[in-house]
2 protein chains.
Amino acid sequence: MSSQQKKAFYQEAIPMLVAVDCIIFGFDREALKLLLFKRKIEPFKNEWSVIGSFVKPTESVDLAAVRVLEEYTGLQDIFMEPLGCYGEVNRDPGARVVSQAYFALIRLDEQEEQMVETHQAHWFDLTTVPTLILDHNQMVKDALEKLRRKARYRPIGFELLPEKFTIPQLKDLYEAINQRKLDRRNFRKKILSMDILEKLDEKDKSNSRKGAFLYRFNKKKYEEMVKKGVNFVL
Amino acid sequence: MSSQQKKAFYQEAIPMLVAVDCIIFGFDREALKLLLFKRKIEPFKNEWSVIGSFVKPTESVDLAAVRVLEEYTGLQDIFMEPLGCYGEVNRDPGARVVSQAYFALIRLDEQEEQMVETHQAHWFDLTTVPTLILDHNQMVKDALEKLRRKARYRPIGFELLPEKFTIPQLKDLYEAINQRKLDRRNFRKKILSMDILEKLDEKDKSNSRKGAFLYRFNKKKYEEMVKKGVNFVL
DNA sequence: TAGATAAGTGTAATAATTACGCTTATTTGA
DNA sequence: TCAAATAAGCGTAATTATTACACTTATCTA
């Protein structure tokens with residue numbers, strides 16, 4: 001249906017701008033990081049903000065989020081899910097803008113960390129997030145809370161860890177997300193009892209003399225468990 | 001800032017319509033119901049749909065949802081929370097419309113059931129939901145899933161049950177939400193152990209010869225538990 | 001080759017969940 | 001009037017999950 005035809009309906013309604021904003025978390029094997037960038041347009045040009053864009057008429061809202069993520073990080077097929085709608089009347093002094101926020105999880109290796117710096121973007125440690133434009137600090141706060149809640153019943157590690165990882169690394173990730181210490185032995189017992197990890201023959205010795213065995217997720221088994229609605233409370 | 005001034009920014013972005021849709025669940029002491037109404041405008045005039053409206057320039061998105069709920073049910077201060085954004089390009093043939101969906105829970109007594117019928121609205125049993133316009137069936141499905149998940153860690157009963165209720169009634173509600181039988185005795189034990197119910201001196205004899213004691217929620221204790229992040233898995 | 005260190009294994013104590021039998025209050029109708 | 005029927009309510013044993021923590025192992029470095 002053409003734009004002309006559509007205009008016949010909903011005459012009384014008033015259009016507004018729709019944007020997407022992505023809160024992107026990364027994990028570099030020790031700390032949780034947040035990707036921010038320097039805004040390129042007025043108002044608030046050159047201030048820190050999360051990554052975002054207006055939604056184009058030819059793309060769905062979800063797709064706009066995927067596009068933005070790819071534009072700024074070069075990454076595709078990233079775990080991303082909706083965070084919520086930010087729709088206060090005066091949240092953006094530039095116009096009436098309703099923003100749909102998303103949060104994404106990506107694993108960091110040097111490659112990505114460098115790539116990102118070329119876009120006037122920067123990975124911040126979660127403990128040193130600067131003041132952001134508009135309601136973006138609130139978005140980050142909400143995203144973090146959602147991440148924590150989510151981590152309670154899903155092994156988030158899929159998205160944040162490299163393909164091969166050790167159990168102590170997985171534990172570090174959960175500690176970073178939840179901000180509390182977990183018992184090393186109980187953590188191992190619990191995650192192994194879920195039967196979603198595959199032990200490999202290699203060891204990672206970057207963190208200890210003894211070295212820790214590498215594992216990888218068994219995605220199939222994991223998907224099955226999610227379907228059954230199992231609770232992975234760690 | 002006036003609309004004129006705002007136009008100076010974001011010139012390249014293309015505005016679209018923003019709507020809210022509310023998926024409203026009710027519980028009438030035996031079954032979960034869904035509130036639907038006959039659409040008043042073209043396209044799809046007179047077909048069943050959930051309750052919705054376009055967002056006005058002078059109101060936030062959240063407020064639009066509250067307004068709509070009040071317009072159709074006369075009810076204020078209803079438990080409502082965001083469900084998600086529905087933003088496919090061609091989801092509405094009438095225009096490019098991005099909809100933010102909400103779901104709400106209300107308790108049904110005859111008063112409300114009647115009131116609603118005056119707006120060309122109707123309470124449907126969840127097992128007999130008709131075909132709805134646009135992506136509204138999907139919204140209902142998503143809302144139901146969210147309700148179930150939510151009920152796992154919050155005593156939803158606050159919103160769906162009358163002020164005074166019996167433990168068997170609360171159990172029936174959880175069974176309706178989760179679509180599975182719960183053990184009467186274990187349910188009672190668990191809910192009482194949470195220490196959020198106050199036993200009253202009255203009995204409700206509508207359902208049995210012996211009669212069941214009425215209880216009411218202790219909202220203060222409940223809020224405290226939610227703050228502490230306690231899990232109410234029933 | 002001893003000492004240091006993180007990885008990994010085991011186990012006992014405690015707490016939560018599940019399954020289910022028995023008693024109680026009340027109404028109905030034989 | 002009183003036995004049968006029924007849902008409400010109480011208690012307990014068996015199972016399963018969680019927590020706390022002691023001990024052993026593999027490996028590197030000095």
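Within every chain, numbering begins at 1; the chains are lettered A, B, ... in the order of the sequence lines, protein sequences first and strands thereafter.
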Taking any heavy-atom pair under 4.0 Å as a contact, classify [X]: base, sugar-phosphate, or nothing.
X	answer
B:D183	base
A:K203	sugar-phosphate
B:K171	nothing

Would you say [X] places a side-chain N or O within less than 4.0 Å of OP1 or OP2 belonging to [N]?
X	N	result
B:R209	C:dA25	no
B:K210	D:dG9	no
B:K190	C:dT17	yes

Would you call the rings of A:F103 and A:F25 parallel, tilted or perpendicular, where under 30° means parallel and over 60° means perpendicular? perpendicular
In terms of ring plane angle, is the pair A:W48 and A:F124 parallel, tilted or perpendicular, where the classes change at 30° and 60°? perpendicular
Rounding to a whole Å, what distance do you find between [X]:[atom1] and [N]:[atom2]?
X	N	atom1	atom2	answer
A:F187	C:dG8	CZ	P	12 Å
A:R188	C:dA7	CZ	P	8 Å
A:D204	D:dC28	CG	P	13 Å
B:L182	C:dA19	CG	P	11 Å
A:K205	C:dG8	NZ	P	12 Å
A:N186	C:dT11	CG	P	15 Å
B:L192	D:dG9	CG	P	9 Å
B:I167	D:dC10	CD1	C1'	12 Å

Map B:P168 and B:K189 onto DNA chain D by nearest heavy atom, then report which one ends up closer to the 5' terminus.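 Nearer the 5' end of the strand: B:P168.
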Does the side chain of A:E88 come within less than 4.5 Å of B:V61's, by heavy atoms? no
Got a sec: does the NZ of A:K203 have more than 12 other heavy atoms crowding it under 6.0 Å? yes
Of the options C:dA6, D:dG9, C:dG8, whose atoms approach the side-chain atoms of B:R185 most closely? D:dG9
Under the criterion salt bridge (charged side-chain N to carboxylate O under 4.0 Å, His left out), which of A:K219, A:K221, A:R216 is the partner of A:E198?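 Of the listed options, the one satisfying the test is A:R216.
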